[in-house]
Protein chains: 2
Amino acid sequence: MDLQRIKYFLALAEQLHYWKTAEKVNITQSALTRQIQSLENELGLQLFERNKRNVKLTPAGKFLKEKWEVELSELEYIHQFAKQIHLGERGTITIAHPDSISASIMPDILAKITQAFPQLQIKLVQVLYENQLDFLKNYKIDLAITRDITSEQGIKSKKIYSDHLALVVPLAHSFKRFEDLSTESLKAQKFILPTKDEGSSYSEIIQALFKSYDFVPDVFLHSEFGSTIIALVRKGLGIAILPDSYMHHQSPDLRFIPLPFKTDILINWRADDHNPVLANILKLVFGD
Amino acid sequence: MDLQRIKYFLALAEQLHYWKTAEKVNITQSALTRQIQSLENELGLQLFERNKRNVKLTPAGKFLKEKWEVELSELEYIHQFAKQIHLGERGTITIAHPDSISASIMPDILAKITQAFPQLQIKLVQVLYENQLDFLKNYKIDLAITRDITSEQGIKSKKIYSDHLALVVPLAHSFKRFEDLSTESLKAQKFILPTKDEGSSYSEIIQALFKSYDFVPDVFLHSEFGSTIIALVRKGLGIAILPDSYMHHQSPDLRFIPLPFKTDILINWRADDHNPVLANILKLVFGD
DNA sequence: ATTTATTAATGCGTATTTTGCATTAATGGA
DNA sequence: TCCATTAATGCAAAATACGCATTAATAAAT
């Protein structure tokens with residue numbers, strides 16, 4: 001059954017006149033007659049009660065007019081919706097990102113996305129560092145924003161930002177500026193650091209930092225969660241090293257002392273992911 | 001857009017394999033390929049992500065699979081429903097009938113209808129005698145059961161039943177049997193009779209009855225409603241003449257004395273009414 | 001009663017679309 | 001590197017849809 005036929009039927013059901021209807025839908029009266037006839041045959045019922053003079057809907061025709069009108073407009077809506085999905089204007093994308101950037105570049109990225117594609121549904125999730133790539137490969141997330149470089153097969157990555165590491169100390173602490181730091185003064189500190197992850201490029205940078213001062217830090221606590229670390233530093237339990245993105249989190253009683261070490265933020269996605277939503281987002285993020 | 005195409009799409013979306021699907025839906029792989037292609041063109045989007053080796057739904061395709069499945073089954077249901085309307089198995093019919101038969105032949109008729117066509121919706125209405133034909137012609141009712149013969153243009157009628165008139169008296173009344181009646185004894189009675197309607201064949205029969213006894217009755221009250229008349233007789237306010245169908249109404253303290261006058265019950269409908277529901281009901285009522 | 005105007009159905013030739021067959025081209029696995 | 005698999009495509013045949021002209025039925029006008 002052709003939907004076009006149903007449209008012809010609806011037009012005729014409105015006009016109840018073959019000639020006028022045929023003209024309106026841009027076919028000849030003969031074609032219209034046959035379209036209606038074949039529609040009737042296909043359904044095995046009569047749609048119109050007609051003689052050579054008058055056209056009138058049968059009860060079944062009246063019923064179908066009402067139902068088909070609804071059904072067709074539903075279909076039209078569905079097709080529009082599908083088109084939007086095709087164009088990547090509609091759909092869902094799940095993004096994992098580290099806590100550190102949730103107050104710095106994430107708001108910018110999200111603002112850009114929602115402005116360009118207001119119909120998009122974005123799910124933000126927190127994923128442990130070690131799970132990020134697994135989740136990406138297993139379609140649990142579509143986009144992973146990380147500080148780690150990966151050379152995994154089938155995953156594409158691109159740097160979108162880089163920030164400096166910073167030493168985080170309470171306001172009252174004796175460290176005020178970078179120049180206050182020395183191997184001696186650092187050795188005396190208790191450190192709160194991120195979980196040391198084998199092969200994580202982020203923890204390698206931190207290790208490189210300590211190596212530049214040529215000592216092994218006294219780490220009394222590891223945590224994967226920046227906000228936990230910040231809370232502990234604020235309580236005076238130690239000092240930390242964090243990306244200076246955390247400065248954007250409101251922490252009035254802390255001091256961030258920038259260090260000459262940079263940490264990159266990368267965006268990772270499946271190379272074979274053809275979801276148009278992803279393509280749009282990547283275009284948006286790299287576009288300018 | 002042909003619904004058949006959508007069915008092909010759904011089959012392929014299930015199998016994700018052109019050859020197997022083509023075999024299943026009884027066309028060649030080449031035809032299926034082209035059907036999907038033209039569907040994609042028509043919608044302006046891609047349904048499958050495919051190379052020479054694998055077939056996979058795109059996000060839009062996945063969305064449409066779900067939606068179309070629902071929509072198609074809805075359409076199928078609608079078409080079945082319409083078919084039932086066409087066959088007169090489904091729909092609404094409005095019937096007017098006199099109060100007198102609501103406990104005699106109406107239950108039989110209604111039982112027959114609901115048994116044969118359980119999906120039918122029947123509306124019963126009470127209409128004043130004088131309005132019956134008007135309502136019928138103006139599509140306010142579809143079937144009028146009356147005691148009056150009509151020769152109205154465009155209305156068809158057929159007798160379905162006839163019952164006797166009966167004299168209705170309180171049990172204590174001196175009239176016990178038909179033989180008790182005489183012109184003299186009748187003259188002494190007070191009568192409660194139906195509204196005298198010009199040209200109504202029913203009131204003509206009652207007039208004929210009195211003429212056979214050769215007197216003019218003392219009518220102290222007219223009412224169109226049989227149940228009102230019965231209530232008045234029970235209170236001892238007079239005696240009445242009613243169709244003996246009223247015997248089926250529970251009236252323990254009344255006596256019905258059958259009279260040798262018959263009154264017909266007719267069923268009336270519009271001659272140009274092609275509603276299949278009507279045809280079915282007429283067939284049922286006259287069928288046996 | 002007869003004529004006229006209107007209008008849905010239909011016969012027929014043409015144009016368009018769809019189909020099947022055979023072949024091609026791409027791809028994953030041995 | 002070769003082979004098996006499988007979606008796409010060229011082409012001719014079949015099916016379908018279309019428009020034109022005509023027909024048949026009917027309501028309105030005379």
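Throughout, protein chains are lettered first and strands after them, A, B, ... in sequence-line order, and every chain is numbered starting at 1. Worth knowing before you read on, the calculation uses all heavy atoms, side chains too, and leaves out hydrogens, waters and symmetry mates.
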- Message: Using heavy-atom distances to pick each residue's nearest nucleotide on DNA chain D, tell me which of A:T28 and A:N51 is more 5'.
- Response: A:T28

- Query: So does A:T33 get a side-chain nitrogen or oxygen closer than 4.0 Å to the phosphate oxygens (OP1/OP2) of C:dA8?
  - Reply: no

- Within 45° of the axis and under 6.0 Å from the centre of the six-membered ring of B:F286, does NZ or CZ of B:K158 qualify? yes

- When the distance from CD1 of A:I27 to P of C:dA9 is rounded to whole Å, what number comes out? 13 Å

- Message: Could you tell me how far apart B:W19 (CH2) and D:dA8 (P) are, to the nearest whole angstrom?
- Response: 14 Å

- Message: Looking at A:Q37, I'd like to know whether one of its side-chain N or O atoms comes within less than 4.0 Å of OP1 or OP2 on C:dT10.
- Response: yes

- Query: Picking from A:K123, A:R270, A:K137, what satisfies salt bridge (charged side-chain N to carboxylate O under 4.0 Å, His left out) with A:D142?
  - Reply: A:R270

- Query: In terms of side-chain geometry, is the basic nitrogen of A:E14 or A:K65 positioned less than 4.0 Å from the acidic oxygen of its partner?
  - Reply: yes

- Rounded to whole Å, CG of A:N41 lies from P of C:dA9 at a distance of 12 Å

- Item | Integer-rounded Å distance: D:dT6 P and B:Q15 CD | 12 Å

- Note on the structure: Quick note, A:S30 side chain, CB onward, closest among D:dA7, D:dC20, C:dT7 is D:dC20

- Message: Nearest to the side chain of B:V55, heavy atoms from C-beta on, is which of D:dA7, C:dA9, D:dC18?
- Response: D:dA7

- Task: Using a 4.0 Å heavy-atom cut-off across all strands, classify A:L32 as base, sugar-phosphate, or nothing.
- Result: nothing

- Considering heavy-atom distances to DNA chain D, does A:S38 or B:N54 have its closest nucleotide positioned more toward the 5' end? B:N54

- Query: Whole-Å distance between C:dT27 P and A:D272 CG?
  - Reply: 15 Å

- Message: For C:dG20 and B:R34 - does any side-chain N or O of the residue sit under 4.0 Å from the phosphate oxygens OP1/OP2?
- Response: no

- B:K20 NZ to D:dT5 P: how many Å, rounded? 12 Å

- Please state how far atom CD in A:E49 lies from atom C1' in C:dA8, giving the value in whole angstrom units. 15 Å

- Task: Figure out the CD/P separation between B:Q35 and D:dA7, and round it to whole Å.
- Result: 16 Å

- Message: Need one value for A:Q29: base, sugar-phosphate or nothing, where a base atom within 4.0 Å counts as base even if backbone is also close, heavy atoms only.
- Response: base

- Would you please confirm or rule out a distance under 4.0 Å between OP1 or OP2 of D:dA28 and any side-chain N or O of A:R53? no

- Query: Side-chain N or O of B:R50 less than 4.0 angstrom from OP1 or OP2 on C:dA26?
  - Reply: no

- Hey, would you say the A:F48 and A:F9 ring centroids sit under 6.0 Å apart? yes

- Task: Taking the six-membered ring of B:F117 (Phe, Tyr or Trp), confirm whether the NZ or CZ of B:R90 is under 6.0 Å from its centre and within 45° of its axis.
- Result: no

